[in-house]
Amino acid sequence: MEKICFFNTKSYDIKWFDHYNKNYEIKFYESRLNKNSAILASGSGGIISFVNDNLDKDTIDILYELGVKVIALRCAGYNHVDLNAAKDKIKILNVPSYSPSSVAEYAIGMFLTLNRKIHKAYTKTRDYNFSLNGMVGFDLKGKTIGIIGTGKIGEELIEICKGFKMNVIAYDLFPKKDGDIQYVDLNTLLNNSDIISLHCPLTKDTKYLINKKTLQKIEKRSLYN
Ligand SMILES: NC(=O)c1ccc[n+]([C@@H]2O[C@H](COP(=O)([O-])OP(=O)(O)OC[C@H]3O[C@@H](n4cnc5c(N)ncnc54)[C@H](O)[C@@H]3O)[C@@H](O)[C@H]2O)c1
Ligand SMILES: O=C(O)[C@H](O)[C@H](O)COP(=O)(O)O
């Protein structure tokens with residue numbers, strides 16, 4: 001039976017993955033994957049790893065020497081993987097659609113919390129402080145949200161924002177040709193959005209996409225991912 005080494009295991013992972021042990025021999029390890037723990041993959045044809053594992057060149061070289069042929073990521077993002085080191089040696093798989101509606105809904109949850117200061121209200125009211133001072137937010141209705149990255153998560157978020165009767169503008173390196181998304185350039189988005197939401201992968205282009213200069217432009221606005 002094919003052996004698979006499962007790194008960075010949480011209790012909920014075992015709940016969802018253990019039944020595959022009928023067809024595979026999955027070994028669950030709590031250790032994060034890095035060059036020191038990679039040896040645990042001895043004898044495994046494949047490994048399963050998480051978003052905060054370290055798949056740098058050293059780790060990938062060790063896994064290759066051990067005979068690992070496939071690395072399956074339990075995440076959509078792969079910015080933590082040295083793809084060049086893996087090229088022609090180990091196949092890398094990611095989750096192509098990582099619960100986009102959950103992530104979009106969570107992003108809305110974070111924004112509502114930030115805007116209406118729900119996290120602060122929770123602690124204040126426990127101390128019998130019901131003052132509205134410093135607690136006032138604004139209506140989403142009629143406000144403009146600028147969405148950077150209109151992939152699976154971005155698209156879900158656009159639909160939710162329409163439900164709030166917001167204006168939606170978007171920026172993406174690869175705008176969708178079909179559909180009714182109103183694309184603008186990045187500067188226009190930064191200058192015209194009341195809210196900005198980032199839903200793009202971490203790459204050399206998106207790292208520091210929001211920086212000191214752009215933050216000055218959006219000084220009074222909210223920013224979240
Ligand atoms: N926190 C979480 O639980 C969680 C879950 C899933 C995904 N993610 C992160 O969210 C990201 C997006 O996920 P997705 O499923 O929507 O991916 P996706 O591939 O469907 O969409 C990403 C979009 O970003 C665009 N993009 C790429 N580079 C860009 C750039 N430089 N400027 C503007 N747009 C750019 C792409 O063209 C694409 O449309 C993932 O890469 C991952 O890092 C986080
Ligand atoms: O890139 C991704 O898919 C996510 O960032 C990552 O996997 C988050 O996973 P969570 O902590 O939501 O399980």
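Just so you know, ligand 1 is whichever comes first in the structure, and atom 1 is the first atom listed for that ligand. Hydrogens, waters and symmetry mates are skipped; everything else that's a heavy atom, side chains included, is used.
Around OH of Tyr24, the count of heavy atoms belonging to other residues, nucleotides or ligands within 6.0 Å does not exceed 12. Applying the 6.0 Å contact sphere to NZ of Lys165 captures no more than 12 heavy atoms from other residues, nucleotides or ligands. Within a 6.0 Å radius of OH in Tyr20, no more than 12 heavy atoms belonging to other residues, nucleotides or ligands are found.
For ligand 1, the atoms lying closer than 4.0 Å to a non-hydrogen atom of Tyr171 are 32 (N), 33 (C). For ligand 1, the atoms closer than 4.0 angstrom to any heavy atom of Phe174 are 37 (O). Under a 4.0 Å criterion applied to the non-hydrogen atoms of Gly149, ligand 1 contributes the atoms 24 (O).
Residue-level proximity to ligand 1 for Cys200 is carried by backbone and side chain together, each with a heavy atom below 4.0 angstrom. Contacts of Val103 with ligand 1, taken as heavy-atom pairs under 4.0 Å, involve the side chain alone.
By heavy-atom distance, the residue among Asp172, Leu209, Asp205 lying nearest atom 36 (C) of ligand 1 is Asp172. Comparing Val51, Thr206, Leu173, Val95 against atom 34 (N) of ligand 1, the shortest heavy-atom distance belongs to Leu173. Nearest to atom 13 (O) of ligand 1 by heavy-atom distance, out of Thr150, Leu202, Ile153, is Ile153. With distances taken over non-hydrogen atoms, the option nearest atom 24 (O) of ligand 1 out of Ala76, Pro201, Gly151, Ala170 is Pro201.
Classification of Lys35 and Asp61 as a salt-bridged pair fails, no side-chain N sitting under 4.0 Å from a carboxylate O.
Using a 4.5 Å cut-off on side-chain heavy atoms (C-beta onward), Glu105 and Leu157 make no contact.
For the pair Ile26 and Phe17, the tightest heavy-atom approach, listed with the atom from each and the gap, is CD1-O, 3.8 Å. Closest approach of Lys143 and Asp139 over heavy atoms only: CG-O, 3.1 Å.
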